[in-house]
Structures are given as structure tokens and as C-alpha cells.
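Reviewing the structure listed below.
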Amino acid sequence: MNDPTPPFAAPVGTHDVLGPASAQWEGLISRFADWTYRYGFSLVLTPIFEDEGVFSRGIGEGSDVFRKEMYVFEDRGKRRYALRPEGTASVVRAFVQHRPTTPWKAWYVTPAFRYERPQKGRYRQHHQLGVEVIGTDDPAVDVEVIALADGFYRSIGLERLRLLINSMGHGACRAAYLAALSEYLEGHELSLCDEHRTQWRRNALRVLDCKRPECVTVTDAGPFLVDWLCEPCRAHFDAVVGGLAEVGISGTLSPRLVRGFDYYTRTTFEFVSDALDGAQNAVGGGGRYDGLTERLGGPPTSGVGFGSGVERLLLARTAEGRVDPLIERTLDVFVVDGGEGGPIGPLVERLRRAGLAVERAYDGRSLKAQMKVADRSGARLALLVGTEGPGSTVTIRDLRASESTQQRVPEHELVEALTDRLTKTRL
Ligand code: HAM
């Protein structure tokens with residue numbers, strides 16, 4: 001009989017991740033944790049929902065994400081909350097609340113929620129690995145953050161990557177540029193795409209981000225922010241580009257790279273993968289946000305960071321032919337119960353406490369059925385217990401070789417014998 005269709009499935013644009021595929025997630029997250037540790041970061045955990053104001057002020061009411069993609073709800077106490085669409089605003093909110101010693105270096109792994117049109121590489125719930133450094137505007141930190149991203153990406157096997165970099169200026173030069181851009185767009189309003197013809201006044205920078213040919217043609221001939229940088233912003237940008245060159249990282253200046261949130265100042269960057277489809281090819285992006293702490297009620301404090309989509313990183317790895325999980329997640333031993341030696345539970349427990357990854361079958365299955373499960377489990381070794389009546393020897397069988405590799409061992413020497421065999425099968 002066919003199973004009926006279950007009444008529920010994961011919501012549109014979200015995914016369940018089950019083993020063995022989830023091993024890649026574990027591998028990626030622990031590899032990222034290792035990299036952040038090398039650069040002096042510690043893990044930060046913040047709630048998955050925040051007062052809506054954290055995002056209206058943080059990422060900006062004019063940003064597309066805030067206007068079109070937020071998951072906002074009212075709780076039973078009539079408070080307006082939002083599921084986080086990204087990690088930075090929450091981390092900065094936590095900084096303002098707790099005021100840790102600066103420079104504060106925090107890393108995170110978090111789900112993020114955006115009401116997007118789901119497609120490959122674009123989801124309504126995605127997951128980000130990210131870092132933030134709060135409390136210094138030293139260009140050396142921008143370099144470190146970009147170098148961390150680059151080193152991490154390469155360590156997981158991504159090679160077809162390009163770094164795009166830009167500066168958004170800050171304060172006076174940004175304001176002067178925005179005035180010039182607005183004047184320019186006003187004169188070319190009728191040539192913009194349908195959306196931006198009416199919307200550009202809300203946030204002129206968004207037009208630079210627009211991929212539609214009408215907007216690209218107009219903005220190509222207009223002013224770009226990098227040409228308007230004031231002396232300190234120019235010096236900062238030059239120091240970042242110079243510092244990257246010193247550590248062997250080259251980027252391409254990308255004057256259109258204004259990024260989607262209102263908090264960015266000075267350095268912005270993105271890593272794109274040429275192994276992925278154009279529209280969803282950014283595996284990570286970030287930049288500096290020197291005004292964000294104040295927007296969230298804190299003292300003027302600089303910050304810089306980046307976030308990377310776990311799903312996109314995995315897609316890019318697959319596209320580059322890398323499917324290894326980056327982490328050892330194979331069973332060592334499958335214990336098969338021959339049924340004549342008493343309960344196997346205590347033995348299984350002893351092996352697990354000795355540090356081995358051990359699985360067994362349940363429900364009193366036949367020997368043949370258990371061997372089938374053992375074969376499918378991916379374990380390196382099977383341990384046959386109680387197949388020849390009660391006794392103190394057990395049989396180790398190599399599941400990846402022929403039967404001739406069976407070995408009988410007294411129970412009290414079992415852990416040593418297994419460890420020895422496992423070391424050999426790993427070689
Ligand atoms: P973002 O560029 O919006 O930046 O997102 C960072 C990364 O998350 C993207 O490069 C992409 O890999 C992934 N991503 C974003 N949206 C989706 C989606 N709908 N589906 C799948 N993956 C997605 C930020 O969120 C900033 N908070 C980064 C940052 C940190 N800036 C400074 N510090």
C-alpha cells in the first residue's frame with residue numbers, strides 16, 4: 001500500500017537537512033569556527049527575533065530587505081518583533097547593550113529569514129556564517145576580515161572565487177556624492193527601469209545595484225562614489241587595498257558594489273563564485289558600518305564584518321567537484337548481536353565510552369538482517385558477539401574487505417584490538 005501524502009512539508013523556500021548531507025554542514029561550521037579562532041574571535045549568540053526597530057534602524061527602512069522581505073509579527077504582549085534577516089544588526093544591538101571591551105571580535109552561525117522568491121541559492125530561510133569586529137576603524141582590520149574569509153573559502157576547496165571591493169565613503173563625501181547622484185538621476189529619471197523611475201528618491205544608491213539594462217545604462221554614465229571620496233576615506237581605502245596586496249589577496253574595484261543595507265560606510269566587498277549562476281553567485285559579502293552603533297543608540301563606534309551563506313558555499317563546493325564532508329563522520333564499529341551471549345548493551349556502551357563511534361541494531365533482528373544493516377551503515381568494522389554461544393571471545397570483521405580478514409579476540413583485549421584495526425583501515 002502506498003503511503004498517503006503527508007499533510008505537512010517544510011515551508012516554501014526552506015529545507016530540512018538530514019544525514020549524511022548534514023555532515024557537510026557540521027564540517028563547514030567547525031572549519032569556520034577554527035578559522036575565526038585563529039583570528040581571535042569568540043562565538044556570540046543572540047536571539048533569532050528582535051524588536052523590529054533593530055532592523056528598521058539597523059539595515060534601514062529604505063532597504064529592499066526591510067521593505068519587502070521581513071518576517072514581522074506581533075507577540076501575545078502586542079510587541080512588534082522581526083525574525084532576523086541577517087546577523088549584523090543583532091550583534092551590534094548586543095554590543096550596545098553589553099559594551100564588551102573593544103575591539104570586540106565576534107563570530108556567529110545563524111539562520112536568517114527573508115521573504116524572497118525561492119530559487120536555487122536563494123531561500124526564505126538561509127544560514128549565515130559571519131564575523132563582526134566592533135571598536136576600531138583601523139584598515140588593518142578590514143584586511144584581516146577579508147583575509148579570514150579568503151583563507152576559509154580556500155580551505156574548503158573554493159578556487160573559482162573573485163573578490164569585488166569598493167568604498168562607500170562616510171559622512172561629508174557620501175552626502176556630497178548622494179546629492180550629485182540625485183541630481184544626475186533626476187535628469188535621467190525617464191530612462192530608468194519601471195521600479196526605479198518612481199522609487200529612486202527613496203534611496204538613490206539602490207539604482208546602482210539594479211541589474212536591469214535601463215538602469216545599468218543610465219548609471220554607467222553617471223557619477224561613482226569612489227571618485228568622490230574625501231581624503232580620509234580615500235586614504236582608508238588605499239590602505240585596505242594595499243594591505244590586501246601585502247598578504248597576497250587581489251580584488252577588483254567594483255564601483256557599483258553598494259550592497260543592500262543602509263548601514264555600510266567605507267569598505268564594501270563581496271566574494272563571488274564563477275562556479276555558480278550569475279544571479280546567486282555571491283558566497284559572502286560584508287563591509288564597514290561606522291555609523292551603525294549610533295543608529296542603535298550606542299556611542300560612535302566603528303565596525304566591520306562579513307556574512308557567508310552556508311547553502312551557497314555548499315553549492316559552490318559541489319560545483320567545484322568537492323563533496324567530501326570536511327569532517328570525519330564515519331561509524332567505526334557496528335555491533336552484531338548473535339543472540340547467544342547475553343545483552344550487547346553493556347559492550348556497546350563500553351566501546352562508546354572508550355571513544356569509538358558505535359552503532360547496533362534493535363528489535364531482535366535476525367543475524368542476516370543485522371549484517372545487512374551493518375553493511376549499509378558505512379561502519380569500517382563489524383563486531384560479531386554471541387554467535388557461538390556464551391563465551392569471552394568476539395569476532396571482528398572488516399566490512400570493507402573480504403571475509404578472510406575476520407579476527408577472533410578475547411573480550412578484555414577488544415578496545416585495543418579495535419583501535420589497532422581502525423588505525424590500519426584508515427591508512
Ligand atoms: P548579505 O550579502 O545580505 O550580507 O548576505 C551574506 C551572504 O548570505 C550572501 O553573500 C549570500 O551568500 C547569503 N545569502 C543572503 N541571502 C540569501 C538567501 N536568501 N538565500 C541564500 N543565501 C543568502 C549580510 O547579511 C550582512 N549582514 C553581511 C555583513 C556582516 N556585513 C557586515 N557584517
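When a ligand or atom number is given, it counts from 1 through the structure's own listing order.
- Between atom 32 (C) of ligand 1 and the options Gly305, Gly13, Ser90, Pro85, the minimum heavy-atom separation is to Gly305.
- The shortest separation from a heavy atom of Gly284 to ligand 1 is under 4.0 Å, placing the residue in contact.
- Contacts of Tyr263 with ligand 1, taken as heavy-atom pairs under 4.0 Å, involve the side chain alone.
- Distances between N or O atoms of Val304 and those of ligand 1 include no value under 3.5 Å.
- Residues satisfying the ring pair (Phe, Tyr, Trp, His ring centres under 6.0 Å) test with Tyr184, not counting sequence neighbours, are His188.
- Counting protein heavy atoms only, atom 28 (C) of ligand 1 is closest to Gly285 O, 3.3 Å.
- Ring to ring, Tyr153 and Phe271 are close: their centroids are under 6.0 angstrom apart.
- Applying the ring pair (Phe, Tyr, Trp, His ring centres under 6.0 Å) criterion to Tyr263, with sequence neighbours excluded, gives Phe261, Tyr289.
- The heavy atom nearest to atom 31 (N) of ligand 1, considering only Phe113, Tyr123, Tyr264, Tyr289, is found in Tyr264.
- Ligand 1 is never approached by Gly130 to a heavy-atom distance shorter than 4.0 Å.
- Of the candidates Lys120, His126, Arg259, Arg288, it is His126 that places a heavy atom closest to atom 15 (C) of ligand 1.
- The nearest protein atom to atom 9 (C) of ligand 1, hydrogens excluded, is given as Ala282 O, 4.1 Å; this is a heavy-atom distance.
- Note on ligand 1: Phe261 sits in its first shell, one or more heavy atoms being nearer than 4.0 Å.
- Remark: Arg360 fails to qualify as a cation-pi partner of Phe334 under the 6.0 Å distance and 45° angle criteria applied to the six-membered ring.
- Looking only at heavy atoms of the protein, atom 27 (N) of ligand 1 is closest to Glu86 OE1, 2.6 Å.
- Regarding atom 33 (N) of ligand 1, its nearest protein heavy-atom neighbour is Glu132 OE1, 2.9 Å.
- Ranking protein heavy atoms by distance to atom 5 (O) of ligand 1, first place goes to Gln128 NE2, 3.3 Å.
- Among Arg114, Gln119, Gln125, the residue whose heavy atom sits closest to atom 16 (N) of ligand 1 is Arg114.
- Among all protein heavy atoms, the one lying closest to atom 19 (N) of ligand 1 is Glu116 OE2, 2.8 Å.
- Checked by atom type and distance alone, the side chain of Arg80 never pairs as donor or acceptor with a backbone atom of Glu52 at under 3.5 Å.
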